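Below is one structure, written out as structure tokens; comments come after it.
As the structure is a computational prediction, the values presented were derived from the model and not from experiment. Order of the sequence lines fixes the chain letters, A, B, ..., with proteins taken first and strands second; residue numbering starts at 1 for each chain.
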Protein chains: 2
Amino acid sequence: MRIGQLASLSGLAAHTIRFYESKGLLNKPKRSINGYRIYDKDALQSLSRIQCAQRLGFSLEDMLSVMAGDGTAQGMDHDKMLEQLDMRLIEVDILLGQLSRQKQDIIDFKVRLQKNWDQGQCLQVDEINQLN
Amino acid sequence: MRIGQLASLSGLAAHTIRFYESKGLLNKPKRSINGYRIYDKDALQSLSRIQCAQRLGFSLEDMLSVMAGDGTAQGMDHDKMLEQLDMRLIEVDILLGQLSRQKQDIIDFKVRLQKNWDQGQCLQVDEINQLN
DNA sequence: TATAAGCTTAAAGTTAACTTTAAGGTCAAT
DNA sequence: ATTGACCTTAAAGTTAACTTTAAGCTTATA
């Protein structure tokens, strides 16, 4: 199949598929006589793996580092993957903590705003008074 | 004080302060005879408000929209601020949900990986079989 | 006096993951 | 024969929030 069909099957835009190829995330496909890219099932599976990894929060660069370098996303290094997954878990936990704190900060801020407190609430007064 | 002192007091880099000025987030300061920027306490307070808003998760553009347009971050619109805070709360809740789901997905994925399941786990088989 | 720290500007570079544009070749159908 | 859908490439544009660079003044210190 050509890039258009792969695009509609994968749910990605054709130019995104070319972009992945240019980044080395996707194997360079065969070409038809006129130069069109010709794909098979494996390409769809590769794209699907990329989309899966993205859902788990990995960047395209993360994916490159676990791939065998052949762009197939087939020969992935199990240990590297587990390592990446653990790192991502830690990142996610940190983000969850930050977001929860942020949420509480916003709630607190709203309360102060509704009580019509001084708008200078963000600045520690002693910081300001260090000045002349 | 000059930009260097404002930078060290605020914890921001001098070029970041100039950048904020260029974006209209910070009032244009007076200049000394030689052209240097001269700041007072208010500038520090403005920077502090910017940093506060950033901690709450707002973008520089968000801040512009609640400012009176004078770059002081003084005459903020209370209603607009409350509206922004509520919008941000909703965003944060959505992000928290996404991240929790992502975390569970990663945990599930790890389990499958450790059980040495087929690496094709990401792709629905019927999706692949639509192909020739 | 020299050198180093601090200030000025405008413009370009950074990162990620694409998207858009330009300029054109191919192919099926009308 | 021409319209329209689909394909090609390379390069530039997008967004956010800066950072870096270049080229050149000013001021304090040794």
Worksheet entry | Verdict with supporting geometry, B:F58 and B:V66, side-chain contact (heavy atoms from CB on, under 4.5 Å) | CA-CA 11 Å; B:F58 294 102; B:V66 296; over 6 Å; no
Item to complete: Show the numbers, then the answer: is there a side-chain contact (heavy atoms from CB on, under 4.5 Å) between A:R18 and A:R37?
Response: CA-CA 10 Å; A:R18 287 190 207 100; A:R37 288 171 176 79; 3.6 Å; yes
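Minimum atom distance to the side chain of A:F19 is reached by C:dT19, of the listed D:dC7, D:dT20, C:dT19. In this structure, of C:dC7, C:dG25, C:dT9, it is C:dC7 that holds the atom nearest to the side chain of B:Y36. The side chain of A:Q54 lies closest to C:dC18, out of D:dC7, C:dC18, D:dC18. Of the candidates D:dT9, C:dC18, C:dT8, the closest approach to any side-chain atom of B:R37 belongs to C:dT8. Set against D:dA17, D:dT8, C:dT26, the side chain of B:L60 has D:dA17 as its closest nucleotide. Across D:dC7, C:dT19, C:dT9, the shortest atom-to-atom separation from the side chain of A:I3 is found for D:dC7.
For the residue pair A:M63 and A:Q54, the shortest heavy atom distance occurs at CE-CG, 3.5 Å.
As a whole-Å value, the separation of A:E61 CD from C:dT14 C1' is 13 Å. Remark: C1' of C:dT19 and CG of A:L12 are 14 Å apart, rounded to the nearest angstrom. Protein atom CZ of A:R18 is 16 Å distant from nucleotide atom C1' of C:dA17, rounded to whole Å. Put simply, CD1 on A:I50 is 11 Å from P on C:dA17, counting in whole angstrom units. One can place NZ of B:K23 at 10 Å from P of D:dC18, the figure rounded to the nearest angstrom. If you take CD1 of B:I17 and P of D:dC18, they are 11 Å apart, rounded to a whole angstrom. Here D:dA17 presents its P atom at 14 Å from CD of B:Q51, a figure rounded to the nearest Å. D:dC25 atom C1' lies 13 Å from atom CZ of B:R31, rounded to whole Å.
Residue whose closest nucleotide on DNA chain D sits further toward the 5' end, between B:N34 and B:F58: B:F58. Comparing B:R2 and A:S59 along DNA chain C, the residue whose closest nucleotide (by nearest heavy atom) sits nearer the 5' end is B:R2.
For the atom pair CG of B:L89 and CZ of A:F109, the computed distance is 12.0 Å after rounding to the nearest 0.5 Å.
Phosphate contact (OP1/OP2 of C:dT19, side-chain N/O of A:T16, threshold under 4.0 Å): present. The side chain of B:Y20 places an N or O atom within less than 4.0 Å of a non-bridging phosphate oxygen (OP1 or OP2) of D:dC18.
Salt-bridge formation is not detected for the pair A:E83/A:K80: no Lys NZ or Arg NE/NH1/NH2 atom is positioned less than 4.0 Å from an Asp or Glu carboxylate oxygen.
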